[in-house]
2 protein chains.
Amino acid sequence: MRSPEELRHNLSRAILHVRSGHATSRRVLADALRLSPSTTGYYVDQLIASGHLAESGLEQGRMGRPKRMLRTVPGAGWFAGIEFNAERVQAVRVDFSGAQTRTLTHRLPEDADTASVLQEIARLITELHEGRKGALLGIGIGAPGLIDPAAGVGVHYAFLPGWRNVPVRAELAKHFEVPIILKNNLRVIALAERWFGGGRELDDYVILGPRRGFGIAVVKHGRLLDGQHHATGEIGRWVWPLNGEGGEMQQALCSAAVWRRLAGVTSTAPLPGDLRAALQSLAQVDGEAWQGVVNDYARVLGLLHLLLDAPAYFLHGPLTALGRRFCTDIALQTARLMPALKDMPPNIVASSLGDDAGALGAASHAMEAWQPRS
Amino acid sequence: MRSPEELRHNLSRAILHVRSGHATSRRVLADALRLSPSTTGYYVDQLIASGHLAESGLEQGRMGRPKRMLRTVPGAGWFAGIEFNAERVQAVRVDFSGAQTRTLTHRLPEDADTASVLQEIARLITELHEGRKGALLGIGIGAPGLIDPAAGVGVHYAFLPGWRNVPVRAELAKHFEVPIILKNNLRVIALAERWFGGGRELDDYVILGPRRGFGIAVVKHGRLLDGQHHATGEIGRWVWPLNGEGGEMQQALCSAAVWRRLAGVTSTAPLPGDLRAALQSLAQVDGEAWQGVVNDYARVLGLLHLLLDAPAYFLHGPLTALGRRFCTDIALQTARLMPALKDMPPNIVASSLGDDAGALGAASHAMEAWQPRS
DNA sequence: ATATCATATTGCGATATTGAAATATATGAG
DNA sequence: CTCATATATTTCAATATCGCAATATGATAT
């Protein structure tokens, strides 16, 4: 399209490429945008004039005229990223150049309800800004449970009392006059991986999210897959064992269940306050319980890898505390259980992002959606 | 882009939309192309002048000026679609309006080799044209085994002696001076489903292909998924049983295995000459063997549906001879085995396309790739 | 009848984007 | 020092495409 809308879209694409560090000069940016160098130069001039981009010196290649390096201007504004569940609200401030400049966490009380969560989100966004300059450009929210992204509504979430058809966007719009964008928890993590994690170089990857339940997010051709019932990746609800009946896989493979199995406690035992720390202390264990967990994960990865054939599987959530050995053991065992994968074991990596992956991803979402004014 | 290349691309997109029947007038076409009505009018004028499109009367809607209906001109040329495996070569002729106007099948002798297959393909393409008018515009090939689509080379196929690194495109280019385009068997079937089958209205669907082996093709956002090792959908190589070791799923679920189980013969028994007919005669059976097969397929569909959440699963290959009951039984059993799917059972349908789906898909591939000359 | 509304197509001036050529800056060979 | 080659950016006329206004056609209400 040749509409002004399309121009703005192209300008924002240009900024995304420069921010990501993939495009460093006008010429490279032109290739990335699949636009001509002349057009790209015109864009860059506009964006420099509007204060969104700046030149940062020259870089000499092997030959020829040096590149005039481009970067995004940190002070051109900032984005708020929020992720929450029944236990906590996390908030990050990301400046216009994509740097994480502040992180806040608020533990929710046991009796938190819908109103208090919304209030807390608004409070954290305000607090993110305190003492800093620059304009808020957008708010991204990663919300748990079932979401209606178009309406900006949280449809249902079992672990927060009264969380049904909550108009998150509308409520926050009372306090902040910027675009507010809502997405599922696991899906924003997929975005975080693209911007801040190992997905930077990849067009295809899979997020493994064993947390309270067990879902996965699949990115193919740079796009998150979404299904008819928004149930894509809901593999936590597979029957378990795989050729049995009754139970759900997430009962055996969610983070709490893995801790229980490794710690050797019954399912009625209380969970530790800090699951991540508790798991870390178990990262060196071995024996039957460890093998059992690895084996179960390998079964799942085998199925996934022959179906999705992704170049990387990023493990997220508390189980990353189990360290690299957990991932390599699973990959090895996958190749053993699934002979077809002998020569192409899945590349499983613990995400380099921490517990704030969701909030970072929410901020990424806001960054991706942002467009210059006119 | 303002390039002539992009203009041609848009013209071919316009033709694809008109041919598919989705776009019936200039206005509707503009929406489909996401271009402005004025631009679209300009395109349509050009394409009418070049003889690719024609107006076919008016259609009065509920209100307003009637649509000036558009259609593709059948005589503007034709496409050849070829699919083959170790047993037969199939060829279809599809005219410019997307109508299948001729179908040829050639059974290969037991001792067929690489050269004879290539020769037969060339002969069939020539025969497709006999007695008809119009120019050949493109050739699509659906080839079995491992393919290098970019090079137009058949890399490997176990069931044809000497089929290794066969330069299919180069060989055929000696006889035909039109674009020749190569794709995997199952993948062209996915295209056939989009153009001629139930995928016309769908952006997302899955092809189930239990034939010699068992692979699936997944279409999401209108695009076929492809993986790092071109192994996306190779679920026939899942271990079987699912939580066991050793065997591959396709040994139990490929079309021949299903026939054996339903017919109650051992795995050493010879296969019937016409597997499809043999299966059709078994479509009314019931009892343990039937339940067993349905159960196994339901296990697989349950896993797939919670992962892909597709609105439709199209069954292809000989097993379609088992009729609608086979599909509905599987869907029912899936919902039973996988409680999470109780309210969203998979929509499994026997493809409306017959044995020539592959050849039709190959022709579709050629149609999609075609672009007007200048 | 006639006004008004909804939709489809055409015409035209405005503009976003291109391709080609010109310019800028580096390396290396003779 | 000069020339050839390589890469990056800038300039500019040419044009594909857009938005908008005008025109066409018929449905419905008054």
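We name chains A, B, ... by the order of the sequence lines, and we start the count at 1 in each one. Both backbone and side-chain heavy atoms feed into the values below; hydrogens, waters and symmetry mates do not.
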Using whole Å, what does the distance between atom P of nucleotide C:dA8 and atom CG of B:Asp45 come to? 17 Å

Take atom CZ of A:Arg8 and atom P of C:dT17, then tell me their distance rounded to the nearest Å. 13 Å

How do A:Ser38 and A:Pro66 order along DNA chain D: which one's closest nucleotide is nearer the 5' end? A:Pro66

Under 4.0 angstrom between B:Tyr42 side-chain N/O and C:dG11 OP1 or OP2: no

What's the CG-C1' distance between B:Leu35 and C:dT15, to the nearest Å? 16 Å

Within the structure, does a side-chain N or O atom of B:Arg26 lie under 4.0 Å from either OP1 or OP2 of C:dT10? yes

Would you mind reading off the distance between A:Glu59 atom CD and D:dT7 atom P, rounded to a whole angstrom? 15 Å

Whichever of A:Thr40 and A:Leu58 has its nearest DNA chain C nucleotide further upstream toward 5': A:Thr40

Scan A:Arg26, A:Lys67, A:Arg71 and name whichever one has a side chain to side chain donor-acceptor pair (under 3.5 Å) with A:Glu55. A:Arg26

Length of the line joining A:Leu33:CG and D:dT9:P, which is rounded to integer Å: 13 Å

Whole angstrom is fine here: how far is it from CE in B:Met69 over to P in D:dT25? 18 Å

Between A:Leu182 and A:Val153, which heavy-atom pair has the shortest distance, and what is it? CD2-N, 3.5 Å

Along DNA chain D (nearest heavy atom to each residue), the more 5'-positioned of A:Val28 and B:Pro37: A:Val28

Is there a side-chain polar atom (N or O) of A:Thr39 under 4.0 Å from OP1 or OP2 of C:dT18? yes

Would you say A:Arg68 reaches D:dT10's phosphate, i.e. side-chain N/O to OP1/OP2 under 4.0 Å? yes

Would you please confirm or rule out a distance under 4.0 Å between OP1 or OP2 of D:dT5 and any side-chain N or O of A:Arg65? no

I'd like to know whether NE2 of B:His175 has more than 12 heavy-atom contacts from other residues, nucleotides or ligands below 6.0 angstrom. no

Between A:Ser36 and C:dT18, is there a side-chain N or O to OP1/OP2 distance below 4.0 Å? yes

Checking B:Thr101 against B:Arg132 for the side-chain contact (heavy atoms from CB on, under 4.5 Å) test, could you report, in this order, the C-alpha distance in whole Å, the side-chain angles of both residues, the deciding distance, and whether it holds? CA-CA 10 Å; B:Thr101 54; B:Arg132 306 293 177 91; 3.7 Å; yes

Looking at B:Phe96, I'd like to know if the NZ or CZ of B:Arg19 sits under 6.0 Å from its six-membered ring centre while staying within 45 degrees of the ring's axis. yes

Calculate the interatomic distance between B:Lys67 atom NZ and C:dT10 atom P; express it in whole Å. 14 Å

Give a yes/no answer on whether the side chain of B:Ser25 brings an N or O atom under 4.0 Å of OP1 or OP2 in C:dT9. yes

Rounding to a whole Å, what distance do you find between A:Asp31:CG and D:dT9:P? 11 Å

